[in-house]
Colleague: 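Can you read through this structure? Questions will come right after.
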There are 2 protein chains.
Amino acid sequence: MDLLQRITENLSQFSKSERKVADIATGNPESVIHTSIANMAAIADVSEPTVNRFCRRLDCKGFPDFKLKLAQSLAKGTPFLNRHVEENDSVDELTNKIFDSTLAALNIARQQLDSKPIEAAIDALLKAPKIAFFGFGASASVAHDAQNKFARFDTPSVFSDDLLMQRMWAINSKPDDVLFAISHTGRTKALCEIAEIAQQNGATVIGITTVNSPLAEFCNDVVSSNVPEDTDQYMPMASRIAHLVLIDAIIAGYTLKRGSEVREKLARIKQGLKGSRFPRH
Amino acid sequence: MDLLQRITENLSQFSKSERKVADIATGNPESVIHTSIANMAAIADVSEPTVNRFCRRLDCKGFPDFKLKLAQSLAKGTPFLNRHVEENDSVDELTNKIFDSTLAALNIARQQLDSKPIEAAIDALLKAPKIAFFGFGASASVAHDAQNKFARFDTPSVFSDDLLMQRMWAINSKPDDVLFAISHTGRTKALCEIAEIAQQNGATVIGITTVNSPLAEFCNDVVSSNVPEDTDQYMPMASRIAHLVLIDAIIAGYTLKRGSEVREKLARIKQGLKGSRFPRH
DNA sequence: AAGATTATGTAACTTTACAACATTTAAGTT
DNA sequence: AACTTAAATGTTGTAAAGTTACATAATCTT
């Protein structure tokens with residue numbers, strides 16, 4: 001876990017002098033990583049061994065090791081999840097903030113990942129006669145992306161953001177057919193209806209959505225991203241990226257389980273696409 | 001810039017012995033950061049001062065400073081870029097690898113970011129009478145996503161992955177109209193044609209693509225993600241995520257420059273969408 | 001308040017990194 | 001090809017940094 005964070009969280013287990021050291025470390029980590037233990041001890045007004053003991057208490061081998069880990073903690077940067085764009089930001093600042101918060105959101109999603117639903121999704125896909133990817137609004141493009149990838153396999157797949165088309169597919173669905181219902185909030189009424197209809201016809205409904213949402217009720221399997229809700233200020237940003245990556249993982253697993261023969265086909269498809277492109281010089 | 005990357009890029013400026021040191025540093029950075037200069041010299045089979053000189057050549061104050069920067073470089077996580085999924089990976093491993101490599105790719109894109117083209121894109125959008133988002137294959141869903149976001153503003157915008165529709169728009173385009181041409185490789189022939197037609201009609205063509213690609217030739221502004229080409233094994237994965245985030249940044253900047261009145265409208269739109277959803281309990 | 005326990009500092013010791021100088025190797029030059 | 005010059009690499013010695021072991025001071029128990 002992050003060292004700087006660990007220092008602030010475990011302040012209680014430090015002694016009086018050690019806390020002085022902790023204050024210096026958290027207050028000015030940038031300069032601490034370039035300082036000697038003697039200097040550090042002088043600034044904190046404690047003895048050198050105290051600084052050393054402080055490091056050990058944090059599971060570091062010694063002061064140099066502490067500096068190393070502190071440097072890494074700094075490099076990783078604070079989880080910039082809540083760095084919202086502000087009025088007077090320059091384009092450069094703003095771009096970095098957008099990247100930062102996306103990275104932070106993905107990181108959180110990664111850490112809270114549960115692979116079981118993903119595994120279940122892969123198993124369902126392996127025996128699916130046909131597959132559909134449905135979503136509305138921002139989730140429509142996620143569904144679009146997913147279908148684009150599945151178009152490379154031999155199992156028939158469709159994408160739609162059209163309410164009636166979706167409904168028709170759902171009514172025509174048969175057991176083992178797989179429907180991906182994509183929605184960040186899981187509260188889109190129309191999609192819940194579609195999921196319900198599909199499920200009534202025996203299809204396997206996989207929700208790329210939030211657990212405990214209305215949509216989750218109608219899903220046989222819920223793949224959740226756990227991206228904090230307040231990430232997306234005016235429109236979906238980080239949440240849909242997490243959805244895309246989750247689908248990437250499902251596809252990677254599906255590709256793997258389909259065996260080497262399918263992977264060769266994929267390589268051939270990639271090769272075949274080159275005809276539509278200018279060759280590299 | 002990233003130290004590990006700088007070592008591999010500047011291999012030429014190192015002497016023979018220094019290159020031995022570079023090999024050890026890049027080959028096993030994890031253990032190097034916990035080693036003394038004496039040990040490092042022994043492993044590389046050179047003298048200690050050679051190691052020291054190697055560090056200085058990389059603008060480090062000395063060996064400890066080098067270790068510090070190396071540790072930071074590791075913490076940023078660049079090395080996970082090439083973590084390809086393998087045959088016997090469990091679903092859990094594989095999912096983590098997909099997340100890791102996506103994060104790594106985004107990180108690189110972030111570090112090598114040039115905000116000037118983004119700024120230019122925002123300026124072009126601000127005076128655009130109408131906007132189009134075109135792309136094929138995986139980039140079609142990126143274009144789809146971008147249009148979905150722009151639908152919230154008052155400027156007319158379209159998305160298409162249909163060759164003829166795109167061509168019609170391009171022919172009908174007028175000065176100041178903005179066309180987003182999205183393609184990772186920048187080698188899709190059809191898209192190059194469209195871009196050329198649009199440009200001939202005076203439209204501003206913004207490429208979300210690779211610099212120096214054929215497509216870039218027909219663009220007034222190229223927003224590039226700099227994601228390494230070999231990231232995507234069978235189908236686009238990391239590259240398109242970077243494109244999405246770049247577009248997010250453009251939209252964020254556009255939203256900001258449009259002023260508070262537009263932001264209020266966005267908030268109202270978000271509010272208005274709630275009618276299509278189940279309320280939160 | 002005496003003894004036990006914990007916290008902190010002092011001093012000696014070890015390791016580490018670096019500078020100055022020496023030697024080797026490579027590259028020009030006549 | 002032999003000599004000259006410059007660059008690269010290594011050797012030795014030293015100052016600084018970090019750590020250990022021990023001593024002293026502060027704090028807590030009963």
Side-chain angles (χ1 to χ4, degrees), chain A residues 3 6-74, chain B residues 3 6-74:
Chain A
L3 185 65
R6 229 169 63 220
I7 296 174
T8 42
E9 277 176 13
N10 301 8
L11 267 181
S12 57
Q13 64 169 269
F14 294 128
S15 71
K16 213 194 314 173
S17 314
E18 282 171 348
R19 207 163 307 176
K20 286 196 223 167
V21 182
D23 286 346
I24 305 291
T26 53
N28 211 345
E30 277 292 351
S31 67
V32 165
I33 60 173
H34 296 115
T35 308
S36 70
I37 191 170
N39 206 295
M40 178 86 178
I43 294 170
D45 194 30
V46 297
S47 69
E48 296 180 26
T50 299
V51 177
N52 193 280
R53 281 186 284 260
F54 166 80
C55 300
R56 296 251 163 96
R57 205 175 294 279
L58 290 159
D59 299 314
C60 296
K61 257 197 97 187
F63 185 68
D65 189 43
F66 168 77
K67 285 204 292 185
L68 225 64
K69 294 201 168 124
L70 188 62
Q72 294 196 311
S73 170
L74 282 176
Chain B
L3 186 66
R6 232 169 62 219
I7 296 175
T8 41
E9 278 175 14
N10 301 7
L11 265 182
S12 56
Q13 64 168 269
F14 293 128
S15 71
K16 213 193 315 170
S17 311
E18 282 172 348
R19 206 162 309 174
K20 285 197 224 168
V21 182
D23 286 345
I24 305 291
T26 53
N28 211 345
E30 277 292 353
S31 65
V32 165
I33 60 173
H34 295 115
T35 306
S36 70
I37 191 171
N39 207 296
M40 178 85 178
I43 293 170
D45 194 31
V46 296
S47 69
E48 296 179 27
T50 300
V51 177
N52 193 281
R53 281 186 283 260
F54 166 81
C55 300
R56 296 248 163 96
R57 206 175 291 279
L58 290 159
D59 299 314
C60 296
K61 257 197 97 187
F63 185 68
D65 188 42
F66 168 77
K67 287 203 292 186
L68 223 64
K69 291 196 172 133
L70 187 63
Q72 294 196 312
S73 170
L74 281 175

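Naming convention: chains lettered A, B, ... in sequence-line order (proteins, then strands); numbering from 1 in each chain. This one's a predicted model, so the numbers in the text were calculated from it and none came from an experiment.
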Colleague: Verify the contact: side-chain N or O of Ser15(B) to OP1 or OP2 of dA8(D), cut-off strictly under 4.0 Å; return yes or no.
Modeller: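 For dA8(D), OP1/OP2 do not have a side-chain N/O of Ser15(B) under 4.0 Å.
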
Colleague: What pairs meet the ring pair (Phe, Tyr, Trp, His ring centres under 6.0 Å) rule with one or both residues in residues 17-45 of chain B, with sequence neighbours excluded?
Modeller: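 Pairs touching residues 17-45 of chain B that pass the test: none.
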
Colleague: What does the inter-axis angle of the helix from dA1(C)-dT30(D) to dT30(C)-dA1(D) come out as, five pairs per end, nearest 10 degrees?
Modeller: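 Rounded value for the end-axis angle: 20°.
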
Colleague: Could you tell me the separation between the CG atom of Leu70(B) and the CG atom of Leu74(B), rounded to the nearest 0.5 Å?
Modeller: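 It comes to 5.0 Å.
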
Colleague: How would you list, by chain and number, every residue that makes a salt bridge (Lys or Arg N to Asp or Glu O under 4.0 Å) with Arg56(B), sequence neighbours excluded?
Modeller: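 Partners of Arg56(B) under the salt bridge (Lys or Arg N to Asp or Glu O under 4.0 Å) test: none.
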
Colleague: So where does chain B start and stop touching DNA chain C, 5' to 3', when the test is distance under 4.0 Å to a non-hydrogen atom?
Modeller: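 Here the contact window of chain B covers dT16(C) to dA26(C).
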
Colleague: Nearest 0.5 Å, what's the NZ-SG distance between Lys67(A) and Cys55(A)?
Modeller: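 Here the rounded value is 10.0 Å.
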
Colleague: From CZ of Phe14(B) over to P of dA8(D), roughly how many Å is that when rounded to an integer?
Modeller: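 Spelled out: CZ on Phe14(B) to P on dA8(D) is 13 Å.
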
Colleague: According to salt bridge (Lys or Arg N to Asp or Glu O under 4.0 Å), who are the partners of Lys69(A), at least two apart in sequence or on a separate chain?
Modeller: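 Lys69(A) satisfies salt bridge (Lys or Arg N to Asp or Glu O under 4.0 Å) with Asp65(A) only.
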
Colleague: Step by step, work out the side-chain contact (heavy atoms from CB on, under 4.5 Å) result for Leu58(A) and Arg6(A).
Modeller: CA-CA 8 Å; Leu58(A) 290 159; Arg6(A) 229 169 63 220; 3.9 Å; yes

Colleague: If a pair satisfies salt bridge (Lys or Arg N to Asp or Glu O under 4.0 Å) and one of its residues is in residues 12-35 of chain A, list it, with sequence neighbours excluded.
Modeller: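 Passing the test, one end in residues 12-35 of chain A: Glu18(A)-Arg57(A).
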
Colleague: Using side chain to side chain donor-acceptor pair (under 3.5 Å) as the criterion, list what pairs up with Thr8(B), not counting sequence neighbours.
Modeller: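 With sequence neighbours excluded, Thr8(B) shows a side chain to side chain donor-acceptor pair (under 3.5 Å) to no residue whatsoever.
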
Colleague: List in numerical order all residues of residues 23-42 of chain A for which some heavy atom is under 4.0 Å away from an atom belonging to DNA chain C.
Modeller: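 Those residues: none at all.
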
Colleague: Quick one: closest heavy-atom pair of Ala71(B) and Leu68(A), and the distance?
Modeller: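 Ala71(B) and Leu68(A) have their closest heavy atoms at CB-CG, 3.9 Å.
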
Colleague: Between residues 44-59 of chain B and DNA chain C, which residues have a heavy-atom gap below 4.0 Å?
Modeller: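 Per residue number, the list reads Glu48(B), Pro49(B), Asn52(B), Arg56(B).
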
Colleague: Starting from P on dT9(D), measure out to CD on Glu18(B) and report it in whole angstrom.
Modeller: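 The distance from CD of Glu18(B) to P of dT9(D) comes to 6 Å, rounded to the nearest Å.
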
Colleague: Can you pull out every ring pair (Phe, Tyr, Trp, His ring centres under 6.0 Å) where at least one residue sits in residues 39-63 of chain B? Sequence neighbours excluded, please.
Modeller: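 Output for this query lists Phe14(B)-Phe54(B), Phe54(B)-Phe66(B).
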
Colleague: Send over the distance from Asp65(B) CG to dA16(D) C1', rounded to a whole Å.
Modeller: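 It is 17 Å, rounded to the nearest whole Å.
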
Colleague: Pairs under 3.5 angstrom only: tabulate donor-acceptor contacts from the side chains of residues 40-53 of chain A to other protein residues two or more places apart or in another chain.
Modeller:
| residue | atom | partner | partner atom | Å |
| --- | --- | --- | --- | --- |
| Ser47(A) | OG | Thr50(A) | OG1 | 3.0 |

Colleague: Mapping Lys20(A) and Lys16(B) to their closest nucleotides on DNA chain C, which lands nearer the 5' end?
Modeller: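 Its nearest nucleotide lies further toward 5', so the answer is Lys20(A).
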
